[in-house]
Amino acid sequence: MARRLRLASRHGRSLKMSDEEIPFLTPDPQHARISSRDSNGPKGSWVQHIYPQSRFSWTAVAAIFILSWVIFGDISRGTLLQPPPSCDHVSKGYQCQPNISHYWGQYSAYFQVPSEISPDVPAGCQVTYSQVLSRHGGRDPTAGKTVLYAQTIQKIKSNVNIFPRVYAFLADYEYTLGADQLTAFGEQEMIHSGTDFFTRYKDLATASIPFVRASGQQRVTDSANKFNQGFHQAKLAAGESEDPQYPYDVVIISEEAGSNNTLDHGLCTTFESDSHETRHAAQGSFARTFIPTISARLNTDLPDANITEAETIFLMDLCPFETIASPTGTPSPFCALFSQAEWEHYNYYQTIGKYYSFGPGNALGPTQGTGFVNELISRLTGKPVTDHTSVNKTLDGSPDTFPLGRTLYADFGHDNDMVAAFFALGLYNSTPTLSTSHLMTVEEMRGFSSAWTVPFAARAYFEKMRCPGVEEDMVRVLVNGRVIPLKSCGGDQLGRCTLGKFVESLSFASGGGRWDQCFNVLPLTRPPLVPLSWVSLNEIRGGETS
(Lines give C-alpha, C1' and ligand atoms only; values in the text may rest on other atoms or scores of the structure.)
Protein backbone atom coordinates (compact mmCIF):
# COMPACT_ATOMS: atom_id res chain seq x y z
CA MET A 1 0.00 0.00 0.00
CA ALA A 2 1.22 3.48 -0.76
CA ARG A 3 2.21 5.88 1.95
CA ARG A 4 -0.04 8.69 3.04
CA LEU A 5 1.29 11.86 4.61
CA ARG A 6 -0.62 15.05 5.24
CA LEU A 7 1.36 18.24 4.81
CA ALA A 8 0.15 21.77 4.35
CA SER A 9 1.33 25.31 4.60
CA ARG A 10 -1.12 28.10 5.25
CA HIS A 11 -0.10 31.71 5.46
CA GLY A 12 -3.11 33.96 5.66
CA ARG A 13 -6.26 33.77 3.57
CA SER A 14 -6.46 34.00 -0.20
CA LEU A 15 -8.97 36.03 -2.16
CA LYS A 16 -8.69 33.62 -5.07
CA MET A 17 -11.72 32.89 -7.19
CA SER A 18 -11.56 30.49 -10.09
CA ASP A 19 -12.00 32.20 -13.44
CA GLU A 20 -14.88 30.05 -14.35
CA GLU A 21 -16.56 29.48 -11.06
CA ILE A 22 -19.10 31.34 -8.98
CA PRO A 23 -17.86 31.67 -5.37
CA PHE A 24 -20.58 29.62 -3.73
CA LEU A 25 -20.06 26.79 -6.21
CA THR A 26 -16.31 26.44 -5.69
CA PRO A 27 -15.44 22.80 -4.88
CA ASP A 28 -13.98 21.81 -1.55
CA PRO A 29 -10.17 22.19 -1.33
CA GLN A 30 -7.92 19.19 -0.82
CA HIS A 31 -5.09 18.93 1.71
CA ALA A 32 -1.52 18.16 0.78
CA ARG A 33 -0.73 14.48 0.99
CA ILE A 34 1.13 11.66 -0.64
CA SER A 35 -1.22 9.10 -2.11
CA SER A 36 -1.51 6.48 -4.79
CA ARG A 37 -4.46 5.71 -6.98
CA ASP A 38 -6.19 2.34 -6.72
CA SER A 39 -9.44 3.24 -8.41
CA ASN A 40 -11.05 6.01 -10.37
CA GLY A 41 -12.85 7.35 -7.35
CA PRO A 42 -16.25 9.05 -7.45
CA LYS A 43 -17.12 10.27 -10.90
CA GLY A 44 -20.29 12.11 -10.01
CA SER A 45 -21.16 15.44 -8.48
CA TRP A 46 -24.17 17.23 -7.13
CA VAL A 47 -24.96 18.34 -10.65
CA GLN A 48 -25.39 14.75 -11.74
CA HIS A 49 -28.24 14.41 -9.29
CA ILE A 50 -29.93 17.30 -11.05
CA TYR A 51 -29.10 16.04 -14.55
CA PRO A 52 -28.93 12.20 -14.39
CA GLN A 53 -26.52 10.41 -16.69
CA SER A 54 -29.08 9.35 -19.25
CA ARG A 55 -26.93 10.60 -22.10
CA PHE A 56 -28.68 10.50 -25.45
CA SER A 57 -26.99 7.89 -27.66
CA TRP A 58 -24.20 9.35 -29.76
CA THR A 59 -25.11 6.88 -32.48
CA ALA A 60 -28.61 8.29 -32.54
CA VAL A 61 -27.29 11.85 -32.55
CA ALA A 62 -25.03 11.02 -35.46
CA ALA A 63 -27.90 9.38 -37.34
CA ILE A 64 -30.22 12.36 -36.85
CA PHE A 65 -27.47 14.79 -37.77
CA ILE A 66 -26.48 12.99 -40.97
CA LEU A 67 -30.15 12.44 -41.91
CA SER A 68 -30.87 16.15 -41.53
CA TRP A 69 -27.90 16.89 -43.77
CA VAL A 70 -29.22 14.55 -46.44
CA ILE A 71 -32.77 15.94 -46.21
CA PHE A 72 -31.93 19.64 -46.11
CA GLY A 73 -28.59 19.57 -47.93
CA ASP A 74 -27.56 22.97 -46.56
CA ILE A 75 -24.55 23.11 -44.28
CA SER A 76 -23.10 26.31 -45.70
CA ARG A 77 -23.46 28.03 -42.36
CA GLY A 78 -21.72 25.36 -40.37
CA THR A 79 -19.04 22.75 -40.69
CA LEU A 80 -20.12 19.14 -40.68
CA LEU A 81 -18.02 16.88 -38.48
CA GLN A 82 -18.27 13.19 -39.33
CA PRO A 83 -17.97 10.98 -36.23
CA PRO A 84 -14.85 8.78 -36.47
CA PRO A 85 -14.20 5.57 -34.50
CA SER A 86 -11.61 7.52 -32.51
CA CYS A 87 -9.62 10.64 -33.22
CA ASP A 88 -7.21 10.46 -30.30
CA HIS A 89 -3.68 9.12 -30.70
CA VAL A 90 -0.96 8.50 -28.13
CA SER A 91 1.61 10.93 -29.54
CA LYS A 92 -0.29 13.07 -32.05
CA GLY A 93 -3.28 13.64 -29.80
CA TYR A 94 -6.69 14.68 -31.13
CA GLN A 95 -6.67 14.86 -34.93
CA CYS A 96 -10.34 14.85 -35.93
CA GLN A 97 -11.19 17.83 -38.13
CA PRO A 98 -8.10 19.80 -37.05
CA ASN A 99 -9.21 22.84 -39.06
CA ILE A 100 -11.84 23.23 -36.33
CA SER A 101 -10.88 21.17 -33.30
CA HIS A 102 -7.49 22.84 -33.00
CA TYR A 103 -9.25 26.18 -32.51
CA TRP A 104 -11.18 25.45 -29.34
CA GLY A 105 -8.88 27.46 -27.10
CA GLN A 106 -8.08 25.93 -23.71
CA TYR A 107 -11.02 23.56 -24.24
CA SER A 108 -9.21 21.85 -27.11
CA ALA A 109 -8.19 18.25 -26.60
CA TYR A 110 -4.43 17.81 -26.59
CA PHE A 111 -2.85 17.74 -30.04
CA GLN A 112 0.74 17.77 -31.21
CA VAL A 113 1.59 21.30 -32.32
CA PRO A 114 3.57 21.90 -35.54
CA SER A 115 7.22 22.63 -34.81
CA GLU A 116 9.64 24.68 -36.91
CA ILE A 117 12.47 22.72 -35.23
CA SER A 118 12.50 18.92 -35.20
CA PRO A 119 11.26 17.63 -31.84
CA ASP A 120 13.52 14.60 -32.11
CA VAL A 121 16.44 14.45 -29.69
CA PRO A 122 19.36 16.02 -31.61
CA ALA A 123 21.76 13.52 -33.14
CA GLY A 124 24.50 12.49 -30.74
CA CYS A 125 22.78 14.02 -27.72
CA GLN A 126 21.72 12.04 -24.69
CA VAL A 127 18.85 13.26 -22.51
CA THR A 128 19.88 13.01 -18.86
CA TYR A 129 16.86 14.69 -17.25
CA SER A 130 13.27 15.46 -18.19
CA GLN A 131 10.47 17.25 -16.41
CA VAL A 132 6.91 17.36 -17.68
CA LEU A 133 4.52 20.11 -16.61
CA SER A 134 1.01 19.01 -17.51
CA ARG A 135 -2.53 20.24 -17.38
CA HIS A 136 -5.20 17.76 -16.32
CA GLY A 137 -7.13 15.87 -18.97
CA GLY A 138 -10.47 16.76 -20.50
CA ARG A 139 -13.19 17.46 -17.97
CA ASP A 140 -16.84 18.36 -17.65
CA PRO A 141 -17.61 22.08 -17.33
CA THR A 142 -17.08 23.72 -13.97
CA ALA A 143 -20.04 23.64 -11.61
CA GLY A 144 -21.18 27.19 -12.26
CA LYS A 145 -20.87 26.88 -16.01
CA THR A 146 -22.71 23.56 -16.27
CA VAL A 147 -25.77 25.17 -14.68
CA LEU A 148 -25.62 28.04 -17.16
CA TYR A 149 -25.24 25.69 -20.11
CA ALA A 150 -28.25 23.68 -18.95
CA GLN A 151 -30.29 26.86 -18.58
CA THR A 152 -29.33 27.99 -22.08
CA ILE A 153 -30.46 24.72 -23.62
CA GLN A 154 -33.68 24.72 -21.63
CA LYS A 155 -34.43 28.27 -22.77
CA ILE A 156 -33.87 27.44 -26.45
CA LYS A 157 -35.98 24.29 -26.33
CA SER A 158 -38.78 26.10 -24.51
CA ASN A 159 -38.90 28.92 -27.06
CA VAL A 160 -38.29 27.10 -30.35
CA ASN A 161 -40.61 24.60 -32.04
CA ILE A 162 -38.78 23.85 -35.30
CA PHE A 163 -35.08 22.99 -35.56
CA PRO A 164 -34.04 23.07 -39.22
CA ARG A 165 -30.94 21.74 -40.96
CA VAL A 166 -27.87 21.55 -38.71
CA TYR A 167 -30.04 22.36 -35.68
CA ALA A 168 -32.14 19.19 -36.06
CA PHE A 169 -30.27 17.35 -33.31
CA LEU A 170 -31.52 19.89 -30.74
CA ALA A 171 -35.06 18.51 -31.00
CA ASP A 172 -34.00 15.44 -29.01
CA TYR A 173 -30.94 16.80 -27.26
CA GLU A 174 -30.83 16.70 -23.46
CA TYR A 175 -28.11 18.34 -21.41
CA THR A 176 -26.43 15.66 -19.29
CA LEU A 177 -22.92 16.96 -18.62
CA GLY A 178 -21.64 16.73 -15.07
CA ALA A 179 -19.26 19.14 -13.38
CA ASP A 180 -15.53 19.48 -12.74
CA GLN A 181 -14.44 15.85 -13.05
CA LEU A 182 -12.40 14.13 -15.75
CA THR A 183 -14.38 12.48 -18.49
CA ALA A 184 -13.50 9.01 -19.77
CA PHE A 185 -11.91 10.72 -22.76
CA GLY A 186 -9.89 12.94 -20.43
CA GLU A 187 -8.67 9.91 -18.51
CA GLN A 188 -7.54 8.30 -21.75
CA GLU A 189 -5.70 11.49 -22.70
CA MET A 190 -3.65 11.20 -19.53
CA ILE A 191 -2.96 7.50 -20.05
CA HIS A 192 -1.70 8.42 -23.51
CA SER A 193 0.41 11.18 -21.96
CA GLY A 194 2.11 8.74 -19.58
CA THR A 195 2.70 6.32 -22.44
CA ASP A 196 4.18 9.06 -24.61
CA PHE A 197 6.46 10.22 -21.78
CA PHE A 198 7.80 6.70 -21.29
CA THR A 199 8.32 6.21 -25.00
CA ARG A 200 10.19 9.47 -25.51
CA TYR A 201 12.47 8.96 -22.51
CA LYS A 202 12.67 5.20 -22.61
CA ASP A 203 16.39 5.10 -21.77
CA LEU A 204 15.72 6.98 -18.53
CA ALA A 205 12.31 5.44 -17.87
CA THR A 206 13.45 1.83 -17.91
CA ALA A 207 15.77 2.59 -15.00
CA SER A 208 13.60 5.03 -13.08
CA ILE A 209 10.08 6.30 -12.51
CA PRO A 210 8.96 9.94 -12.44
CA PHE A 211 8.71 11.80 -9.17
CA VAL A 212 5.12 13.03 -9.40
CA ARG A 213 3.32 15.99 -7.83
CA ALA A 214 -0.24 17.22 -8.37
CA SER A 215 -2.23 20.22 -7.31
CA GLY A 216 -4.97 19.08 -4.97
CA GLN A 217 -8.13 19.24 -7.07
CA GLN A 218 -9.69 15.89 -7.88
CA ARG A 219 -9.37 16.13 -11.65
CA VAL A 220 -5.69 17.00 -11.28
CA THR A 221 -4.86 14.15 -8.91
CA ASP A 222 -6.85 11.76 -11.10
CA SER A 223 -4.85 12.98 -14.10
CA ALA A 224 -1.56 12.30 -12.33
CA ASN A 225 -2.64 8.77 -11.51
CA LYS A 226 -3.83 8.10 -15.06
CA PHE A 227 -0.48 9.39 -16.33
CA ASN A 228 1.24 6.94 -14.00
CA GLN A 229 -1.00 4.17 -15.32
CA GLY A 230 0.01 4.93 -18.90
CA PHE A 231 3.68 5.10 -17.95
CA HIS A 232 3.46 1.76 -16.15
CA GLN A 233 1.58 0.06 -19.00
CA ALA A 234 4.18 1.30 -21.49
CA LYS A 235 6.94 -0.02 -19.25
CA LEU A 236 5.37 -3.47 -19.20
CA ALA A 237 4.73 -3.38 -22.94
CA ALA A 238 8.44 -2.62 -23.46
CA GLY A 239 9.30 -5.93 -21.81
CA GLU A 240 10.07 -4.65 -18.33
CA SER A 241 9.06 -6.81 -15.39
CA GLU A 242 6.19 -5.88 -13.10
CA ASP A 243 7.16 -2.77 -11.14
CA PRO A 244 6.82 -3.32 -7.36
CA GLN A 245 6.60 0.45 -6.89
CA TYR A 246 3.33 0.65 -8.84
CA PRO A 247 0.91 2.28 -8.10
CA TYR A 248 3.38 5.15 -7.89
CA ASP A 249 3.23 7.78 -5.18
CA VAL A 250 1.88 11.25 -5.93
CA VAL A 251 2.67 14.26 -3.74
CA ILE A 252 -0.54 16.26 -3.59
CA ILE A 253 -0.26 19.98 -2.82
CA SER A 254 -3.21 21.61 -1.10
CA GLU A 255 -5.38 24.12 -2.94
CA GLU A 256 -6.91 25.29 0.32
CA ALA A 257 -7.10 29.06 0.64
CA GLY A 258 -3.79 30.43 1.83
CA SER A 259 -1.75 27.38 0.86
CA ASN A 260 1.60 27.84 -0.84
CA ASN A 261 1.25 25.99 -4.12
CA THR A 262 3.40 26.53 -7.22
CA LEU A 263 0.90 24.58 -9.35
CA ASP A 264 -2.15 26.66 -8.37
CA HIS A 265 -2.20 30.42 -7.89
CA GLY A 266 -3.93 32.01 -4.92
CA LEU A 267 -1.50 33.83 -2.64
CA CYS A 268 -0.99 37.11 -4.47
CA THR A 269 -3.94 39.05 -3.06
CA THR A 270 -3.64 42.08 -5.34
CA PHE A 271 -3.71 39.81 -8.36
CA GLU A 272 -6.58 37.67 -7.08
CA SER A 273 -8.78 40.65 -6.25
CA ASP A 274 -7.98 42.68 -9.35
CA SER A 275 -6.88 40.37 -12.16
CA HIS A 276 -10.22 39.70 -13.82
CA GLU A 277 -10.99 43.23 -14.96
CA THR A 278 -8.19 43.42 -17.52
CA ARG A 279 -9.35 40.18 -19.07
CA HIS A 280 -12.98 41.31 -19.07
CA ALA A 281 -12.12 44.48 -20.96
CA ALA A 282 -9.88 42.75 -23.49
CA GLN A 283 -12.23 39.86 -24.25
CA GLY A 284 -15.25 42.13 -24.32
CA SER A 285 -13.64 44.41 -26.89
CA PHE A 286 -12.75 41.55 -29.20
CA ALA A 287 -16.06 39.74 -28.70
CA ARG A 288 -17.92 42.74 -30.11
CA THR A 289 -16.08 42.20 -33.41
CA PHE A 290 -17.57 38.77 -34.13
CA ILE A 291 -20.16 37.54 -31.61
CA PRO A 292 -23.09 39.85 -32.54
CA THR A 293 -23.09 38.54 -36.11
CA ILE A 294 -23.22 34.94 -34.92
CA SER A 295 -25.99 35.71 -32.43
CA ALA A 296 -28.04 37.38 -35.14
CA ARG A 297 -27.67 34.36 -37.41
CA LEU A 298 -28.67 31.93 -34.67
CA ASN A 299 -31.77 33.96 -33.87
CA THR A 300 -32.72 34.15 -37.55
CA ASP A 301 -32.38 30.39 -37.95
CA LEU A 302 -34.16 29.71 -34.66
CA PRO A 303 -37.01 32.24 -34.41
CA ASP A 304 -38.00 33.18 -30.84
CA ALA A 305 -34.84 31.62 -29.38
CA ASN A 306 -33.67 35.04 -28.14
CA ILE A 307 -30.10 33.82 -27.79
CA THR A 308 -27.95 36.44 -26.14
CA GLU A 309 -24.33 37.14 -26.96
CA ALA A 310 -23.26 35.43 -23.76
CA GLU A 311 -25.35 32.39 -24.64
CA THR A 312 -23.74 32.32 -28.08
CA ILE A 313 -20.39 31.78 -26.40
CA PHE A 314 -21.98 29.08 -24.23
CA LEU A 315 -23.20 27.23 -27.35
CA MET A 316 -19.71 27.39 -28.80
CA ASP A 317 -18.31 26.05 -25.51
CA LEU A 318 -20.63 23.06 -25.76
CA CYS A 319 -18.90 21.87 -28.92
CA PRO A 320 -15.63 20.90 -27.17
CA PHE A 321 -17.30 19.90 -23.91
CA GLU A 322 -19.77 17.56 -25.58
CA THR A 323 -16.99 16.18 -27.78
CA ILE A 324 -14.76 15.21 -24.86
CA ALA A 325 -17.80 13.83 -23.04
CA SER A 326 -17.78 11.10 -25.67
CA PRO A 327 -15.39 8.29 -24.66
CA THR A 328 -14.01 8.21 -28.20
CA GLY A 329 -14.05 11.96 -28.76
CA THR A 330 -16.85 11.81 -31.30
CA PRO A 331 -17.37 15.39 -32.54
CA SER A 332 -20.49 17.03 -31.17
CA PRO A 333 -23.23 18.31 -33.49
CA PHE A 334 -22.79 21.68 -31.74
CA CYS A 335 -19.54 22.06 -33.65
CA ALA A 336 -21.38 22.21 -36.98
CA LEU A 337 -23.33 25.30 -35.94
CA PHE A 338 -20.27 27.47 -36.53
CA SER A 339 -17.87 28.01 -39.42
CA GLN A 340 -14.12 27.52 -39.44
CA ALA A 341 -13.60 31.29 -39.43
CA GLU A 342 -15.84 31.61 -36.38
CA TRP A 343 -13.83 28.95 -34.58
CA GLU A 344 -10.63 30.83 -35.35
CA HIS A 345 -12.15 33.91 -33.75
CA TYR A 346 -13.31 31.85 -30.77
CA ASN A 347 -9.78 30.54 -30.24
CA TYR A 348 -8.38 34.05 -30.35
CA TYR A 349 -11.07 35.20 -27.91
CA GLN A 350 -9.91 32.52 -25.46
CA THR A 351 -6.24 33.32 -26.14
CA ILE A 352 -6.84 36.96 -25.26
CA GLY A 353 -8.34 35.80 -21.97
CA LYS A 354 -5.16 33.94 -21.05
CA TYR A 355 -2.82 36.70 -22.24
CA TYR A 356 -4.61 39.45 -20.34
CA SER A 357 -5.00 37.45 -17.13
CA PHE A 358 -1.90 35.27 -16.69
CA GLY A 359 0.34 36.65 -19.43
CA PRO A 360 2.07 40.00 -19.89
CA GLY A 361 -1.28 41.67 -20.55
CA ASN A 362 -1.66 41.64 -16.75
CA ALA A 363 0.98 43.37 -14.64
CA LEU A 364 1.10 40.48 -12.17
CA GLY A 365 0.22 37.60 -14.50
CA PRO A 366 3.67 36.07 -15.12
CA THR A 367 4.57 36.61 -11.46
CA GLN A 368 2.14 33.82 -10.60
CA GLY A 369 4.50 31.38 -12.34
CA THR A 370 7.73 32.39 -10.59
CA GLY A 371 7.49 29.74 -7.86
CA PHE A 372 7.36 26.87 -10.34
CA VAL A 373 10.24 28.33 -12.35
CA ASN A 374 12.40 28.53 -9.25
CA GLU A 375 11.62 24.89 -8.50
CA LEU A 376 12.62 24.00 -12.05
CA ILE A 377 15.93 25.84 -11.59
CA SER A 378 16.51 23.84 -8.40
CA ARG A 379 15.91 20.53 -10.15
CA LEU A 380 18.05 21.42 -13.16
CA THR A 381 20.98 22.55 -11.03
CA GLY A 382 20.60 20.15 -8.11
CA LYS A 383 20.60 23.04 -5.64
CA PRO A 384 17.94 23.83 -2.98
CA VAL A 385 15.04 26.04 -4.02
CA THR A 386 15.54 29.77 -3.58
CA ASP A 387 12.16 31.49 -3.65
CA HIS A 388 10.07 33.94 -1.64
CA THR A 389 6.86 33.70 -3.65
CA SER A 390 4.51 30.68 -3.83
CA VAL A 391 6.88 27.82 -2.95
CA ASN A 392 5.71 25.59 -0.13
CA LYS A 393 8.88 25.54 1.97
CA THR A 394 7.66 22.66 4.10
CA LEU A 395 7.31 20.41 1.07
CA ASP A 396 10.31 21.71 -0.85
CA GLY A 397 12.52 21.49 2.21
CA SER A 398 12.10 17.73 2.50
CA PRO A 399 13.85 15.16 0.28
CA ASP A 400 10.73 13.00 0.57
CA THR A 401 8.46 15.58 -1.04
CA PHE A 402 10.98 17.51 -3.15
CA PRO A 403 13.96 15.28 -3.95
CA LEU A 404 16.85 16.49 -6.08
CA GLY A 405 19.01 14.36 -8.33
CA ARG A 406 16.17 12.44 -9.97
CA THR A 407 16.14 12.01 -13.75
CA LEU A 408 12.36 12.18 -14.32
CA TYR A 409 9.78 14.53 -12.81
CA ALA A 410 6.10 15.13 -13.54
CA ASP A 411 3.96 18.00 -12.21
CA PHE A 412 0.21 18.35 -12.80
CA GLY A 413 -1.86 21.50 -12.49
CA HIS A 414 -4.14 23.93 -14.31
CA ASP A 415 -4.06 25.89 -17.55
CA ASN A 416 -3.77 29.34 -15.98
CA ASP A 417 -0.77 28.42 -13.90
CA MET A 418 0.94 26.92 -16.94
CA VAL A 419 0.42 30.15 -18.89
CA ALA A 420 1.93 32.13 -16.02
CA ALA A 421 4.91 29.75 -15.83
CA PHE A 422 5.50 29.94 -19.59
CA PHE A 423 5.71 33.72 -19.50
CA ALA A 424 7.78 33.70 -16.31
CA LEU A 425 10.17 31.41 -18.20
CA GLY A 426 10.30 33.86 -21.11
CA LEU A 427 9.18 31.20 -23.59
CA TYR A 428 6.95 33.64 -25.45
CA ASN A 429 8.90 36.87 -25.07
CA SER A 430 8.63 37.45 -28.81
CA THR A 431 4.83 37.48 -28.68
CA PRO A 432 3.64 41.04 -29.39
CA THR A 433 0.89 42.75 -27.41
CA LEU A 434 -2.31 41.04 -28.48
CA SER A 435 -4.84 43.17 -30.30
CA THR A 436 -8.33 43.44 -28.84
CA SER A 437 -9.80 44.84 -32.05
CA HIS A 438 -8.79 42.33 -34.72
CA LEU A 439 -7.85 38.68 -35.08
CA MET A 440 -4.17 37.73 -34.91
CA THR A 441 -2.90 34.45 -36.31
CA VAL A 442 -0.77 32.03 -34.33
CA GLU A 443 2.15 33.03 -36.56
CA GLU A 444 1.64 36.67 -35.67
CA MET A 445 1.49 35.66 -31.99
CA ARG A 446 4.81 33.79 -32.42
CA GLY A 447 3.31 30.47 -31.42
CA PHE A 448 1.28 31.65 -28.44
CA SER A 449 -2.30 30.44 -28.58
CA SER A 450 -4.41 28.96 -25.82
CA ALA A 451 -5.05 25.90 -28.02
CA TRP A 452 -1.33 25.53 -28.78
CA THR A 453 -0.16 26.02 -25.19
CA VAL A 454 -2.79 24.89 -22.65
CA PRO A 455 -5.34 22.50 -24.19
CA PHE A 456 -6.69 19.72 -22.00
CA ALA A 457 -3.81 17.35 -21.17
CA ALA A 458 -1.24 19.94 -22.30
CA ARG A 459 2.34 18.79 -21.73
CA ALA A 460 5.53 20.85 -21.61
CA TYR A 461 8.82 18.94 -21.55
CA PHE A 462 11.96 20.47 -20.04
CA GLU A 463 14.97 18.46 -21.16
CA LYS A 464 18.59 18.51 -20.03
CA MET A 465 21.02 16.78 -22.36
CA ARG A 466 24.67 16.11 -23.04
CA CYS A 467 25.76 16.79 -26.60
CA PRO A 468 29.04 16.17 -28.44
CA GLY A 469 31.40 19.14 -28.65
CA VAL A 470 29.72 20.99 -25.78
CA GLU A 471 31.22 20.76 -22.31
CA GLU A 472 28.18 22.11 -20.47
CA ASP A 473 24.77 20.48 -20.24
CA MET A 474 22.19 21.89 -22.63
CA VAL A 475 18.50 22.62 -22.06
CA ARG A 476 15.59 22.41 -24.47
CA VAL A 477 11.85 23.04 -23.99
CA LEU A 478 8.97 21.52 -25.94
CA VAL A 479 5.37 22.67 -25.48
CA ASN A 480 2.91 20.11 -26.85
CA GLY A 481 5.53 18.78 -29.23
CA ARG A 482 6.71 22.19 -30.47
CA VAL A 483 10.34 23.04 -29.77
CA ILE A 484 10.49 26.56 -28.31
CA PRO A 485 13.33 28.61 -29.88
CA LEU A 486 14.54 29.90 -26.45
CA LYS A 487 15.59 33.26 -27.84
CA SER A 488 15.89 34.74 -24.35
CA CYS A 489 19.00 32.67 -23.69
CA GLY A 490 20.45 32.68 -27.19
CA GLY A 491 19.07 29.33 -28.31
CA ASP A 492 20.79 27.66 -31.25
CA GLN A 493 19.20 26.37 -34.45
CA LEU A 494 18.07 23.24 -32.57
CA GLY A 495 16.37 25.24 -29.82
CA ARG A 496 19.04 24.56 -27.19
CA CYS A 497 20.73 26.77 -24.63
CA THR A 498 23.52 25.86 -22.27
CA LEU A 499 22.27 25.24 -18.76
CA GLY A 500 24.13 28.27 -17.46
CA LYS A 501 22.65 30.61 -20.07
CA PHE A 502 19.18 29.17 -19.54
CA VAL A 503 19.28 29.71 -15.77
CA GLU A 504 20.79 33.17 -16.27
CA SER A 505 17.86 34.10 -18.52
CA LEU A 506 15.40 33.36 -15.70
CA SER A 507 16.31 36.42 -13.63
CA PHE A 508 12.68 37.59 -13.64
CA ALA A 509 11.61 34.49 -11.75
CA SER A 510 14.72 34.11 -9.58
CA GLY A 511 14.22 37.72 -8.51
CA GLY A 512 10.62 37.02 -7.50
CA GLY A 513 8.98 38.75 -10.45
CA ARG A 514 6.76 41.52 -9.08
CA TRP A 515 5.85 39.65 -5.93
CA ASP A 516 6.46 42.81 -3.90
CA GLN A 517 3.35 44.27 -5.56
CA CYS A 518 1.13 41.37 -4.51
CA PHE A 519 0.00 42.98 -1.30
CA ASN A 520 -0.49 46.59 -2.37
CA VAL A 521 -3.35 48.43 -0.75
CA LEU A 522 -4.14 50.33 -3.94
CA PRO A 523 -5.21 48.35 -7.02
CA LEU A 524 -3.02 48.25 -10.12
CA THR A 525 -3.88 50.50 -13.05
CA ARG A 526 -6.29 48.74 -15.34
CA PRO A 527 -8.34 49.39 -18.51
CA PRO A 528 -11.88 50.77 -18.15
CA LEU A 529 -14.71 48.30 -17.78
CA VAL A 530 -16.71 47.21 -20.81
CA PRO A 531 -20.52 47.21 -21.18
CA LEU A 532 -22.40 45.27 -18.54
CA SER A 533 -23.44 42.43 -20.84
CA TRP A 534 -19.82 41.44 -21.34
CA VAL A 535 -18.75 42.05 -17.76
CA SER A 536 -21.55 39.75 -16.63
CA LEU A 537 -20.43 37.08 -19.07
CA ASN A 538 -16.80 37.19 -18.07
CA GLU A 539 -17.37 37.30 -14.35
CA ILE A 540 -18.57 33.72 -14.58
CA ARG A 541 -16.14 32.57 -17.28
CA GLY A 542 -13.16 31.76 -15.41
CA GLY A 543 -11.16 29.27 -16.07
CA GLU A 544 -9.91 27.19 -13.86
CA THR A 545 -10.29 29.79 -14.69
CA SER A 546 -11.96 28.34 -17.55
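Values below: every heavy atom of this structure, side chains too, minus hydrogens, waters and symmetry copies.
- Under the 4.5 Å side-chain criterion, counting only non-hydrogen atoms from C-beta, Gln188 is in contact with Ile191.
- Under the side chain to side chain donor-acceptor pair (under 3.5 Å) rule, Ser215 has a single partner from Asp264, Thr221, Asn261, which is Asn261.
- Thr407 has its side chain out of reach of Thr128: every pair of non-hydrogen atoms, C-beta onward, lies at least 4.5 Å apart.
- Within the 3.5 Å criterion, the main-chain N or O of Val90 finds no donor-acceptor partner in the side chain of Asp196.
- One distance of note links CG of Leu204 with OG of Ser130; it measures 7.5 Å at 0.5 Å rounding.
- Aromatic ring centroids of Phe412 and Phe227 lie under 6.0 Å apart.
- Under the 4.0 Å criterion applied to side-chain N and carboxylate O atoms, Glu472 and Lys464 are not assigned as salt-bridge partners.
- Note: Phe271 and Phe358 have perpendicular aromatic rings, judged against thresholds of 30 and 60 degrees for the angle between ring planes.
- Ion pairing between a basic and an acidic side chain is recognised when a charged N comes within 4.0 Å of a carboxylate O; Asp387 and Lys393 show no such pairing.
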Evaluate side chain to side chain donor-acceptor pair (under 3.5 Å) for Thr262 paired with Ser390, printing each intermediate quantity in order.
-> CA-CA 5 Å; Thr262 57; Ser390 58; 5.6 Å; no
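- Between the side chain of Asn480 and the backbone N or O of Thr453 there is at least one donor-acceptor pair closer than 3.5 Å.
- Under the 4.5 Å side-chain criterion, counting only non-hydrogen atoms from C-beta, Glu189 is in contact with Asp88.
- The existence of a salt bridge linking Arg379 and Asp396 is excluded, since no basic side-chain nitrogen approaches an acidic carboxylate oxygen closer than 4.0 Å.
- Taking the ring centroids of Phe198 and Phe231, they lie under the 6.0 Å cut-off.
- We find that Glu187 and Arg219 are not joined by a salt bridge, their nearest charged nitrogen and carboxylate oxygen being 4.0 Å or further apart.
- Ring centroids of Tyr346 and Trp343 are separated by less than 6.0 Å, placing the two rings close together.
- Contact detail for Ile352 and Ala282: the closest heavy-atom pair is CG2-CB, 3.5 Å.
- With a 4.5 Å cut-off on side-chain heavy atoms, Ser435 and Tyr348 count as touching.
- With hydrogens and angles disregarded, a donor-acceptor distance shorter than 3.5 Å links the side chain of Arg514 to the backbone of Ala363.
- Salt bridge status for Arg496 with Glu463: absent, with no side-chain N to carboxylate O gap under 4.0 Å.
- At least one side-chain heavy atom of Val442 sits less than 4.5 Å from a side-chain heavy atom of Trp452.
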Decide yes or no on ring pair (Phe, Tyr, Trp, His ring centres under 6.0 Å) for Phe211 and Phe402, but give the supporting numbers first.
-> CA-CA 9 Å; Phe211 181 81; Phe402 195 81; 7.6 Å; no
Applying ring pair (Phe, Tyr, Trp, His ring centres under 6.0 Å), run through Phe321 and Tyr107 and close with a yes or a no.
-> CA-CA 7 Å; Phe321 278 121; Tyr107 301 142; 4.6 Å; yes
